[in-house]
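Worksheet: the structure to be examined is printed underneath.
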Amino acid sequence: GDSVTQMEGPVTLSEEAFLTINCTYTATGYPSLFWYVQYPGEGLQLLLKATKADDKGSNKGFEATYRKETTSFHLEKGSVQVSDSAVYFCAPNFGNEKLTFGTGTRLTIIP
Amino acid sequence: GAGVSQSPSNKVTEKGKDVELRCDPISGHTALYWYRQSLGQGLEFLIYFQGNSAPDKSGLPSDRFSAERTGGSVSTLTIQRTQQEDSAVYLCASSSTAKNIQYFGAGTRLSVL
């Protein structure tokens, strides 16, 4: 069946480090792909999305590219900031209207 | 309103009591979703409403859980005879159509003692 696998956390990085959070999926079709972020004490917010192969979603310096050949949607940022500390969720929509969330990756950035 | 509104923000109840959680979606959004976020299970889908169609209840964990959406707007999630394992944050989301971006409320944190 359709599923998503997300890199387990927690992840701790120094400020200005490069970030990658891996996300892969298994699907019978072609899902829309989303990354959501949950900042401390706040609700879930959409970070970025991609709806078809080779699309690149980007926002706040974060990027993720829809890779059909590797069924992946890895989240990257070239230089993280303390304010990026949050929990990140990979969330495909497999076409049945609801989001399927990964386990979440807690990111902590140290000054 | 400007965003999805959920109430109450926190709810503490005793085991066996019934609780009602409310969600006000973004005005004009036809699709409404309920999810649950718990330590053991992560973020999981509960139920989905789209316009006047029959809701997708496939994620409800037991028959103690039910939800309704009145007038295509406000939704209420009801948990009967609450159990300690129901303790979680209940999240509501809405979108302008079924395939669009889902916007989430801040959630209701339910604690069952």
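Chain identifiers are assigned alphabetically (A, B, ...) following the order of the sequence lines, protein sequences preceding nucleic acid strands; residue numbering begins at 1 within each chain.
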task = Applying ring pair (Phe, Tyr, Trp, His ring centres under 6.0 Å) between B:Phe104 and each of A:Phe34, A:Phe89, A:Tyr36, report the one that passes.
result = A:Tyr36

message = Please classify the contact of B:Glu44 with chain A as side chain, backbone, both or neither, using a heavy-atom distance under 4.5 Å.
response = neither

task = Using heavy atoms and a sub-4.5 Å threshold, report which of residues 98-106 of chain A line up against chain B, by residue number.
result = A:Lys98, A:Leu99, A:Phe101

task = Determine whether B:Leu21 and B:Ile26 fall in the same hydrophobic cluster, where Ile, Leu, Val, Met, Phe, Trp and Tyr are linked whenever their side-chain heavy atoms lie under 4.5 Å apart.
result = no

message = Are more than 12 heavy atoms, taken from residues, nucleotides or ligands other than B:Phe65, located less than 6.0 Å from that residue's CZ atom?
response = yes

key: Linked, directly or transitively: B:Val19 and B:Val112 (ILVMFWY side chains, under 4.5 Å)   = yes

query = Are there residues of residues 5-17 of chain A that reach to under 4.5 Å of chain B by heavy atoms, and which ones?
reply = none

query = When hydrophobic residues are tied together by side-chain contacts of less than 4.5 Å, even through go-betweens, does A:Val37 share a cluster with A:Leu107?
reply = yes

note = Filtered by a 4.5 Å non-hydrogen cutoff, the part of residues 67-80 of chain A contacting chain B is none

ask   = Residue by residue, which of residues 43-64 of chain A have a heavy atom closer than 4.5 Å to a heavy atom belonging to chain B?
value = A:Gly43, A:Leu44, A:Leu46, A:Lys49

B:Leu39, CG atom: more than 12 neighbouring heavy atoms under 6.0 Å = no

query = Between B:Ile47 and B:Tyr33, is there a shared hydrophobic cluster once you connect ILVMFWY residues whose side-chain heavy atoms come closer than 4.5 Å?
reply = no

Closest approach of B:Gln37 to A:Gln38 (non-hydrogen atoms, all atoms of both residues) = NE2-OE1, 3.1 Å

query = In terms of hydrophobic clustering (I, L, V, M, F, W, Y; side-chain heavy atoms under 4.5 Å; direct or indirect links), are B:Tyr48 and B:Val4 co-clustered?
reply = yes

